[in-house]
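What follows is a set of notes on a single structure, which appears directly below.
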Amino acid sequence: MEDLFYIKENLAKIKSKISEDVCLVAVSKTHPVSFIQFAYETGQIDFGENKVQELCDKAEQLPKDIKWHLIGHLQSNKVKYIAPFVYLIHSVDSEKLLKEINKEAEKNNRNIDCLIQVHIAEEDTKFGFDINEAKYFIENTDFETDYKNVKIRGLMGMATFTEDKNQIKREFYTLKKLFDQIENSQKFDDSFDTLSMGMSGDFDIAIDCGSNMIRVGSTIFGNRNYH
Ligand SMILES: *Cc1c(COP(=O)(O)O)cnc(C)c1O
């Protein structure tokens with residue numbers, strides 16, 4: 001355990017930089033269960049994974065009060081595996097997926113909290129609704145009737161991977177503006193309260209732009225080894 005001490009230090013360092021109103025999701029993808037267990041024992045409760053299989057394998061081996069966040073692209077046919085226990089799905093990027101989440105949530109007799117993923121980056125490899133698509137979808141959907149078992153808690157977005165801080169800022173502000181518009185429209189009740197943006201390289205900018213949930217991996221656990 002001694003050699004995992006850096007995880008505790010990294011968590012403390014990040015926590016000291018952010019206000020208590022910002023939720024820190026520790027992104028543990030590719031890292032072993034022992035790293036998560038260690039972070040959990042220092043008091044970290046929110047963990048994020050981007051693959052369903054990996055998330056399920058880890059959840060099975062770890063304490064049941066961990067809040068599991070699914071942050072990566074989710075295929076509709078895999079929703080059933082996480083539906084019984086997932087805490088928050090950040091990556092709702094289609095109507096079809098949301099329907100499936102609602103269906104599986106109902107089967108499990110629960111509500112599943114979700115964020116709508118919005119595509120704000122220049123790169124076209126990233127998933128999500130475009131700003132206008134997201135607006136249209138939200139405005140024209142009767143969530144209370146059609147999605148009784150999901151709760152839309154907010155939005156998630158990723159900025160372009162670039163050194164250009166102004167560009168990152170612009171992209172995050174675009175998402176914050178949409179977030180405010182939806183919040184002010186009273187489409188959802190007060191539970192529309194979560195703006196998930198910011199990763200290791202840009203969480204400080206994201207928070208300046210209004211983020212209240214950051215997803216941080218490498219700054220906590222170190223570099224990922226995909227082999
Ligand atoms: C991997 C990942 C992160 C964390 O990235 P780091 O740069 O390691 O902090 C955040 N969000 C999503 C969606 C990810 O896939």
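This chain uses plain numbering: 1 for the first residue, then up along the sequence. Whatever order the structure lists them in is the order used to number ligands and atoms, beginning at 1.
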Identify, by atom number and element, the atoms of ligand 1 in contact range of Arg215, meaning under 4.0 Å from any of its heavy atoms. 4 (C), 9 (O), 10 (C), 11 (N), 12 (C), 13 (C)
List ligand 1 atoms under 4.0 Å from Val216, heavy atoms only on the residue side. 9 (O)
What part of Arg224, side chain from CB on, backbone N/CA/C/O, both or neither, has a heavy atom under 4.0 Å from ligand 1? side chain
Which ligand 1 atoms are under 4.0 Å away from a heavy-atom of Gly217? 4 (C), 6 (P), 8 (O), 9 (O)
Look only at interatomic distance and state if Lys29 has a nitrogen or oxygen under 3.5 Å from any nitrogen or oxygen of ligand 1. yes
Consider only side-chain N and O atoms of His73 and Ser91, and report whether a donor and an acceptor are under 3.5 Å apart. no
Give a yes or no on whether the ring-centroid distance for Phe192 and Phe179 is below 6.0 angstrom. yes
Looking at His69 versus Phe47, is the centre-to-centre ring distance below 6.0 Å? no
Contacts satisfying salt bridge (Lys or Arg N to Asp or Glu O under 4.0 Å) that involve residues 150-161 (not counting sequence neighbours) are Asp113-Arg153, Lys151-Asp189, Arg153-Asp193
Where is the tightest heavy-atom contact between Asp146 and Asn102, given as atom of each residue plus distance? O-ND2, 3.5 Å
Do Gln53 and Asp57 meet the criterion of a side-chain donor-acceptor pair at a distance under 3.5 Å? yes
For Ile71, state whether at least one heavy atom is located under 4.0 Å from any atom of ligand 1. yes
Within the structure, does Ser218 bring an N/O atom to less than 3.5 angstrom of an N/O atom in ligand 1? yes
